[in-house]
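See below for the structure under consideration.
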2 protein chains.
Amino acid sequence: MTEFDHPGHTAEPRQEPGLVAGFDRGAAGREVFTIRDLTKEFEVSARTLRFYEEKGLLAPRRNGEKRLYSRRDRARLRYVLMGKRVGFSLEEVREMLDLYDLGDGRRTQLQVALAKFQERAVRLEEQRGEIDRAIAELARASLEIQAMLSARANDEG
Amino acid sequence: MTEFDHPGHTAEPRQEPGLVAGFDRGAAGREVFTIRDLTKEFEVSARTLRFYEEKGLLAPRRNGEKRLYSRRDRARLRYVLMGKRVGFSLEEVREMLDLYDLGDGRRTQLQVALAKFQERAVRLEEQRGEIDRAIAELARASLEIQAMLSARANDEG
DNA sequence: CTAGCAGTTTACGTAAACGTAAAGCCCGAA
DNA sequence: TTCGGGCTTTACGTTTACGTAAACTGCTAG
């Protein structure tokens, strides 16, 4: 269990925002956010946000000591969380974000991201295959056990 | 990635033995095995076997310093590896093996194992659901990106 | 006798994503 | 003024399943 665990709130049916926020509905047109704002909006801990910053995923400005997150930071966070949901490591996400920052008109980066997404989808389908095989193996084992049980049902009662 | 990674040999089509070995075809009716025998037969490292012993999963006898594995040890190893494949932790496997060792006619243990197997299968199906959702999310994101790309295809030329 | 190989033990290292103190700063309320 | 929050930093702890290095013993071939 790593990739698809959401330790906190056990997968509630929250609307998971896409890459592009329609018109930022939700946090009505704010320009700047505190760490609390983001922890509440995205249900992540403050520790997590600082950790992401430490890893180069976010880079909020400061008001003295306090962190001030821009809408860009917020969009990046959204991207990070989406990446996590689909099984990218934070490192992979960071690479994509870094690429995006390089500029180049964004065309190349979009294509790179697209390719990564599709690779990831392939990998996920493989994982699904492995899970299917595991389920099948469990079913076989269960049958074996049931057979053993019914074999003993006679000579034991 | 944890549960379904087979770092070594990348999922070759080897025949994965069930819980009960038909008539021990393979290692023709041997009674005792060296650590090398088992590493080759099951494609695990010697380190792994010692680690499993350290964790109470195996308990081979000794010939001086050297480990001597019985057929029972070998069957337990088979069980451990099967358990791993379907996503049990070594700790969970150990608990099941310990239960089995308690005796009690084995009926209860078989039922316990059966229950755990079925729970595990349910959990695996949940994971598969999460993977399906992740795949869908990737597909959506890919579409978004393609849209952005084709939107830029014009004004960039 | 000497390599060399197989085996052993002990014990630290690794990866991932944070959790959890510990300790201190700053601000508003009572 | 003191207390409680909320924020900050630093840094060690957690989990799982081994990998890997170091240092030693014992056996066999040459």
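If you're wondering where the values come from, they're calculated on a predicted model, not measured in any experiment. So that the names make sense, note that chain A is the first sequence line, chain B the second, and so on, each numbered from 1.
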(request) Answer yes when B/Glu53 and B/Arg62 have at least one side-chain N-carboxylate O distance shorter than 4.0 Å, and no when they do not. (result)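 B/Arg62 and B/Glu53: salt-bridged.
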(message) Using a heavy-atom cut-off of 4.0 Å across all strands, would you classify B/Ser45 as base, sugar-phosphate, or nothing?
(response)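 If one applies the 4.0 Å heavy-atom cut-off, B/Ser45 turns out to touch the sugar-phosphate alone, with no base involved.
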Between [N] ([atom2]) and [X] ([atom1]): distance, integer Å:
{"X": "A/Tyr69", "N": "D/dC7", "atom1": "OH", "atom2": "C1'", "result": "11 Å"}
{"X": "B/Asn63", "N": "D/dC27", "atom1": "CG", "atom2": "C1'", "result": "12 Å"}
{"X": "A/Ile35", "N": "D/dT9", "atom1": "CD1", "atom2": "C1'", "result": "12 Å"}
{"X": "B/Glu91", "N": "D/dT14", "atom1": "CD", "atom2": "C1'", "result": "15 Å"}
{"X": "A/Leu49", "N": "D/dC7", "atom1": "CG", "atom2": "P", "result": "11 Å"}

(request) Please identify each residue that fulfils salt bridge (charged side-chain N to carboxylate O under 4.0 Å, His left out) with B/Arg94, with sequence neighbours left out. (result)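 Scan of B/Arg94 (salt bridge (charged side-chain N to carboxylate O under 4.0 Å, His left out), adjacent residues dropped) gives B/Glu91, B/Asp98.
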(request) Please go through A/Leu68's hydrophobic cluster and name the other residues, only I, L, V, M, F, W, Y counting, with side-chain heavy atoms under 4.5 Å joining them. (result)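 Members besides A/Leu68, by chain and number: A/Val32.
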(request) Name every residue in residues 50-62 of chain B that has at least one heavy atom under 4.0 Å from any atom of DNA chain D, in order of residue number, or write none if there are no such residues. (result)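 Output list: B/Phe51, B/Tyr52.
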(request) Just jot down the side chain to side chain donor-acceptor pair (under 3.5 Å) partners of B/Asp132, sequence neighbours excluded, or say none. (result)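 B/Asp132 satisfies side chain to side chain donor-acceptor pair (under 3.5 Å) with A/Arg128 once adjacent residues are dropped.
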(message) Quick check on the helix from C/dC1-D/dG30 to C/dA30-D/dT1: what's the angle between its two end axes, five base pairs per end, to the nearest 10°?
(response)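 So the angle between the two local helix axes works out to 30°.
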(request) Report yes if at least one side-chain N or O of A/Arg36 is closer than 4.0 Å to OP1 or OP2 of D/dC7; otherwise report no. (result)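 Yes, A/Arg36 has a side-chain N/O under 4.0 Å of OP1/OP2 on D/dC7.
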(message) Please identify the 5'-most and 3'-most nucleotides of DNA chain C with any atom under 4.0 angstrom from a heavy atom of chain A.
(response)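 Listing 5' to 3', DNA chain C meets chain A from C/dA17 to C/dT20.
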